[in-house]
Student: 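Sending over a structure as C-alpha cells; questions will come in a sec.
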Amino acid sequence: MSEPDVTGDPDQKHRIYLVDGSGYIFRAYFAMIRGRGPITRSDGTPTGAVLGFSNMLFKLIQDTQRDGRVSHLAVIFDTSRKTFRSEIFEEYKANRDAPPEDLIPQFPLVRDATRAFNVPAIEKQGFEADDIIATYASQATAAGMETVIVSSDKDLMQLVGGDVTMLDPMKNKMIGVDEVHEKFGVGPDKVIDIQSLAGDSVDNVPGVPGIGVKTAALLINEFGDLDTLLDRAAEIPQKGRREKLLEHADMARLSRQLVTLKQDVELDIGVMDLTVQMPDAADLMAFLNVNEFKQLTGRVKEFFGADFRKDVAELPDMPAPAAGAETAETPAAAVEIDYTTVLEMKDLQEWIDEAYRIGSVAVDTETTGLNAMQASLVGISLSIHPGKACYIPVGHVAPKAQGGFDFDGAEEQAEETGLNQLPKADVIAALKPLLEDPVVLKIGQNIKYDQVILGQEGIEVGPVDDTMLLSYCQEAGQHGHGMDELSRLHFGISPIPFKEVAGTGKSQITFAEVPIDKATEYAAEDADITLRLHQVLKPQLAKTKSATLYETIERPLVPVIARMEREGVKVDAPFLSKLSEDFGARMIELVSEIHNLAGEEFNVGSPKQLGEILFDKMGLSGGKKGKTGAYTTDVNVLESLAADGVELARKVLDWRQLAKLKSTYTDALQAQVNARTGRVHTSFSLAAASTGRLASSDPNVQNIPIRTEEGRKLRNAFIAEPGHKLISADYSQIELRLLAHIADISSLKEAFAEGLDIHAKTASQVFGVAMEGMDPMMRRSAKAINFGIIYGISAFGLARQLDVSRTEAQGYIESYFTQYPGIRKYMDETKAFCHETGYVETIFGRRVHLPGINDKNGARRGFSERAAINAPIQGSAADIIKRAMIRLPGAIADAGLKARMLLQVHDELIFEVPDAETAETAALVTSVMEKAALPAIDVSVPLVVDAGIGDNWGEAH
DNA sequence: GCCGTCACG
DNA sequence: GACGTACGTGACGGCG
C-alpha cells in the first residue's frame, strides 16, 4: 500500500484505519477464486477468502508499523441481514442471493483472522458495517484524527472529505474528493442525493425509475440538492423526467433514508480504544498453522522478528482530543502492569480497604493441587483495577534440594518455613469479612474451586461472579472456557503457563515450592486477567440475552455444587476390595482359557493383537479395519462372532467387562477415598458439556454401571452412614416429555397426561397395532425410535441400533413422521434456525452454538444438525434439574429436615437422609423436582419423578 | 498424546 | 455419487 500523500502535512495528525471487513470478504473470495481457484485446507474447509483477507490485513499492519502516525485500527463487520433499514423498507437488500456455500464457513474464520492479528473486530446487531464506520469516522474527526476507510464500497463515499479518505485495498488506490466526483459527478456531500435518485439494484434501493447516476448528477448540479429538486420538479422541461420525479418523490425520500449512513450508532468500544497492538506470536502462529497459510507464515515471522512478543506497540504520544470528543478509558492493551507481593498486614489492609471502596474484587487461590478436596491453600491473589494485582503467600515452603532451585540467602529469611510470608491464620482472619461481605462482589474464574478451598479455611465466599460461567452462558459450543483460552481470545494475551513455574513430569513441584517472586507473577496475573474478563463478559450478558440464565441458574448453582462436592459420598471400601479380588481371579481364568483357544499367549487387552489372532491367525470373516489400519474388535464385532459360536469372542467380551469394572471402578474408586473424610468427593464441571449438563470427574460418578448385573453390584458400594438411608429421585422420560412440549405434539402430550407406557403408545401409533398384547419387539423398536428422535435420527443409526436393514429403518422413520408430522416440523425449524444464527436455544434461553452447522463437509454438517436437534432437549432437561438443585437445599432446611444432596446423574439426584426422615424427604424432593420449571415455564406435560429409598444406591434406584 | 473401547444419561 | 453418521460425557490400557 502506498504512503498516502500527507507526508508533508504540518499537522502530523494521528491516523485511524477502519477496514470494511464484510465488503472485503466478498472481494477476496471472488478474487481468489478467479486467481487461484478454490483453496482449502487439508480438512476440507475452504479458506480462499480468509487467506485474501489475512494478506490484506497483514499488509495493513505492516504499514501501520512503518508509519508512526497510524495509532488506531479496527475491522468492522456486518452482523445479520436484519437492520434498522429492513424495518423501514422490507425489501432492502432482500433480493440478495445467499452467499456461496463455500464462503459461509469463512465468515467466522475471517473474524478469527482479525483477532489473531490482535485487531479489534467490531460488529453490532441491527447495524451495517457502514454505519459503524461512519460513526467511528465522525468520532475520529472530532478527536482530531485522520481517518482512512479501507473499502471500495461506493456507499461509503458520502463520508469522504475533510480528514476522511478511502483506500481501495484491491487496487491499492486512494479515493479522495476527486475520485468521488469522478464516480458520481458531484462532491461527497451530494453523494446521498445522487444515490437517493439513482437507487441501487444490488441493495434494492428503489430510487426514481428511469434516473441513473448521470441524470441524477445533472439534476443535482442544476438544482443544488435533493429537497430543492423535488420541490421544484415541476420546472423540469423534459416530460418523462418531470413526471417520474413528481410521481416517485416519496421513493426518493425513502431511498435517502436508506442510503444515509448513521453516524451516531451507540458502540461499546469508543474510537480511542481501537489502538494498534502487537499480535501475540503464539495466537497468530496457531491461526496460521491451522489454516495452513505457509507463505504468509514466513512473511509474518520475517516482519515481526525479535519484537514479536511485545504486547504493546510503541506509539507516539496521542494529541489532546478535540473538545467534545470522547475521553475514553485507558485502552485495554495499554494497561500498565503492576503486580506486587503482600508481606505486611498493613499492605493487605490497604487492598481490603480498596476492595470495599470499589465494591468488587477478583480473587484467585493457589494450592497444592487440582483436586480441591485434597489440595491445601498456598496463597491468594487479588485484583481490583485492571493491570494491578497482588499475591499474598501463606503456605509456601522452601524448595526441596532436588528441585534444582538456587536458594542462596534462605538463611536471611524467617525461621520455620525458611520463607518470608504472612501467617495464614492472620490473612484468613483479615480477609474473611471481605470475602463474606454481601455488598462486595467476589469475581473468580471457576470460583467453585476457590469456594471449596476457602471453605476449608472457614470462609464462605459470596456473593460471587464467575467468568468461566459468564463465558459458558454466552458462548457454549464456540470454544472452551478455561482462563488461558479466554485470555487469548479476548485480549490476545497468553498467561504464564503453569508448567513454566512448576515444571512438568517427574521434576514437577507443587505450587507451595515455587519461589514467591515467580509465584507472584503467575498468581497475580490470574487475578488480573479474571478481573479483565469480567469487565468484558459481564456487560455483554444483556446483548446475548443470557442474563436470566446466568443469574437464575448458573450463578446460584455454584454454592450448591460446592457443597455437594464437600459432602462427598460414602463407599464401602472392603466390599469394593472383595469385588476387585473376585473380578481379578475370574480374569486370570478367562485369560488362560482365551490363550488356549487362541493356541498362543497374547495380550488380551490389546485390540491390535486380538484382531490379528481372530482375523489373520484364525481366519475368521468379518474383519474390518478402522482408520489406523487395525482391525475393529469392538462389542458389535465380538457379539456377532460370539453369536456365530466363536467361543473366544464370548470369553474376550466377558474378560473386557471385568477388566473395565476392575480398573475403572473397583480399584479406582477405592483409591479415590479421601483420607481426611473417608468419603469420595467427585468434582462436577459446570462448563464442560455444551448442552448445559454437568460433567463429573475424579471420579466420574455419572457412569457407574447399572445395565449389566455384574456391573450393577458397583452401585451397592455407594452407601449411607449408619442411621441413614440413600434416596434416589429421577425424572421419568424427561427428554421425551420435553420433546412433546417443545415440538408441541398433542398426541404425545395426551399420552403422557394419561400416564401411558410411552414406547408402547408410539409402537401402537407407528405400527398400527393395539396397545394390549403387543409384540415386545415392536415396543423395543419404538423405544429405539423414540431415543433416535431425541438424537436427531438417521436411518443408518437406527438400523445399527436395531440391527435391521437401513431400508427397514428408513421405513420406520417415515411412518413415525407420518404419525407425528409436528416432530419433522420441529426438526426442520430447529435446523433452519441454527443455520441462520449458528446456535439453538433451550426453553430457558440457554444458547448452544454449533460452529459446524454450515460446514461444507456434509458429514460434519450432518453431525452439527443432529446435535442441534438434541441440544434444546438435553439442555432443557439440564436446566430443569439445575433449577431443582438450587431450590432443594432451602426447601429441605425450611421443612426442618436434615437431608444432604450428594450426587447428580443428569436426570437423577442422590440424597443422604436420616432414617426417620426418609418418607418426608422423598415426598418433598419429588414435589420440588416436579415443579422445578415453574413459574418460569409451564411445561405442557406433567414432569414425573420416581423416588426410591435404600441402604445403598443399588437399592435406592 | 492419541486411539479404541466402554461405562453412564 | 461419495461421504460417514444416532446426542452428551470421562477413564482406562495400549501403543508410538
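Just so it is clear: chains get the letters A, B, ... in the order the sequence lines come, proteins before strands, and each one is counted from 1.
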Student: Check whether the side chain of A/Arg860 and the base of C/dT5 form a donor-acceptor pair under 3.5 Å.
Tutor: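 No, no donor-acceptor pair under 3.5 Å.
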
Student: State which of C/dA11, B/dA7, C/dG16 makes the closest approach to the side chain of A/Thr664.
Tutor: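 Selected nucleotide (nearest to the side chain): C/dA11.
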
Student: Using whole Å, what does the distance between atom P of nucleotide C/dT9 and atom CG of A/Asp907 come to?
Tutor: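 It works out to 16 Å between those atoms.
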
Student: Any side-chain N or O of A/Ser696 under 4.0 Å from OP1/OP2 of C/dG10?
Tutor: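 Looking at the OP1 and OP2 atoms of C/dG10, neither is under 4.0 Å from any side-chain N or O of A/Ser696.
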
Student: With sugar-phosphate meaning primed atoms plus P, OP1 and OP2, does A/Ile706 contact a base, only sugar-phosphate, or nothing at under 4.0 Å between heavy atoms?
Tutor: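 Answer is sugar-phosphate: A/Ile706 comes under 4.0 Å of backbone atoms only.
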
Student: Report yes if at least one side-chain N or O of A/Arg861 is closer than 4.0 Å to OP1 or OP2 of C/dG4; otherwise report no.
Tutor: no

Student: With no angle test and no hydrogens, is the base of C/dC12 tied to the side chain of A/Lys660 by a donor-acceptor pair under 3.5 Å?
Tutor: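 For A/Lys660, whose side chain was compared with the base of C/dC12, there is no donor-acceptor pair (under 3.5 Å).
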
Student: Tell me whether the OP1 or OP2 atom of C/dT9 has a side-chain N or O from A/Ser697 closer than 4.0 Å.
Tutor: no

Student: For the side chain of A/Tyr665, starting at C-beta, report the closest nucleotide among C/dG8, B/dA7, B/dG9.
Tutor: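 Shortest atom-to-atom distance from the side chain points to B/dA7.
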
Student: What is the ring orientation for A/His481 with A/Tyr472, classed by angle as parallel under 30°, tilted 30 to 60°, or perpendicular over 60°?
Tutor: perpendicular

Student: Would you tell me if any nitrogen or oxygen in the side chain of A/Gln609 comes within less than 4.0 Å of OP1 or OP2 on C/dC15?
Tutor: yes

Student: Which one is paired to B/dG1, where only Watson-Crick or G-U wobble pairs with both distances under 3.5 angstrom count?
Tutor: C/dC15

Student: Give a yes/no answer on whether the side chain of A/Arg800 brings an N or O atom under 4.0 Å of OP1 or OP2 in C/dA6.
Tutor: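 A/Arg800 to C/dA6 OP1/OP2: side-chain N or O found under 4.0 Å.
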
Student: Between A/Thr837 (side chain) and A/Val840 (backbone), is there a donor-acceptor pair under 3.5 Å?
Tutor: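 Not a single qualifying donor-acceptor pair exists.
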
Student: Anything under 30° is parallel, anything over 60° is perpendicular, the rest tilted; go ahead and classify A/Phe615 against A/Tyr631.
Tutor: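 Correct class here is tilted.
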
Student: For the side chain of A/Leu798, counting heavy atoms from C-beta on, which of C/dA11, B/dT5, C/dA6 is nearest?
Tutor: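 The answer is C/dA6.
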
Student: To the side chain of A/Lys608, which of C/dG10, C/dG16, B/dA7 is closest?
Tutor: C/dG16

Student: For A/Ile704, which contact category applies under a 4.0 Å heavy-atom criterion: base, sugar-phosphate, or nothing?
Tutor: sugar-phosphate

Student: What's the closest nucleotide to the side chain of A/Phe863 if the choices are B/dG9, C/dG8, C/dG14?
Tutor: C/dG8

Student: Over all strands shown, is A/Arg712 touching base, sugar-phosphate only, or nothing at heavy-atom distances under 4.0 angstrom?
Tutor: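 No contact at all - A/Arg712 keeps every heavy atom at 4.0 Å or more from the nucleic acid.
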
Student: Check the surroundings of atom CZ in A/Arg41: do more than 12 heavy atoms from other residues, nucleotides or ligands lie under 6.0 Å from it?
Tutor: yes

Student: Just call it for A/Ala668: base, sugar-phosphate, or nothing, with non-hydrogen atoms closer than 4.0 Å on any strand.
Tutor: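 If one applies the 4.0 Å heavy-atom cut-off, A/Ala668 turns out to touch the sugar-phosphate alone, with no base involved.
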
Student: Nearest to the side chain of A/His906, which nucleotide is it out of C/dA6, C/dA11, C/dG8?
Tutor: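 In terms of side-chain proximity for A/His906, the closest of C/dA6, C/dA11, C/dG8 is C/dG8.
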
Student: With no angle test and no hydrogens, is the base of B/dG9 tied to the side chain of A/Arg693 by a donor-acceptor pair under 3.5 Å?
Tutor: yes

Student: Please confirm whether any donor atom in the side chain of A/Arg656 sits under 3.5 Å from an acceptor in the base of C/dG13, or the reverse.
Tutor: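 Donor-acceptor pair under 3.5 Å: no.
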
Student: When you measure from the side chain of A/Arg715, which nucleotide among C/dA11, C/dC7, B/dC8 comes out closest?
Tutor: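 My answer, after comparing the listed nucleotides, is B/dC8.
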
Student: On the 0 to 90° scale, with breaks at 30° and 60°, tag the A/Tyr839-A/Phe833 ring pair as parallel, tilted or perpendicular.
Tutor: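 The arrangement is perpendicular - the two ring planes meet at more than 60°.
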
Student: Both distances below 3.5 Å, Watson-Crick or wobble geometry, any strand: find the nucleotide opposite C/dC3.
Tutor: none

Student: Please pick, from C/dA6, B/dT5, C/dG8, the nucleotide with the shortest atom-to-atom distance to any side-chain atom of A/Ala784.
Tutor: C/dA6

Student: Given C/dA6, B/dT5, C/dG10, identify the nucleotide with an atom nearest to the side chain of A/Ala688.
Tutor: C/dG10

Student: Under 4.0 angstrom, heavy atoms only, what part of the nucleic acid is A/Asn603 near: base, sugar-phosphate, or nothing?
Tutor: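 If one applies the 4.0 Å heavy-atom cut-off, A/Asn603 turns out to touch the sugar-phosphate alone, with no base involved.
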
Student: Looking at every strand, decide which applies to A/Phe796 at a 4.0 Å heavy-atom threshold: base, sugar-phosphate, or nothing.
Tutor: base

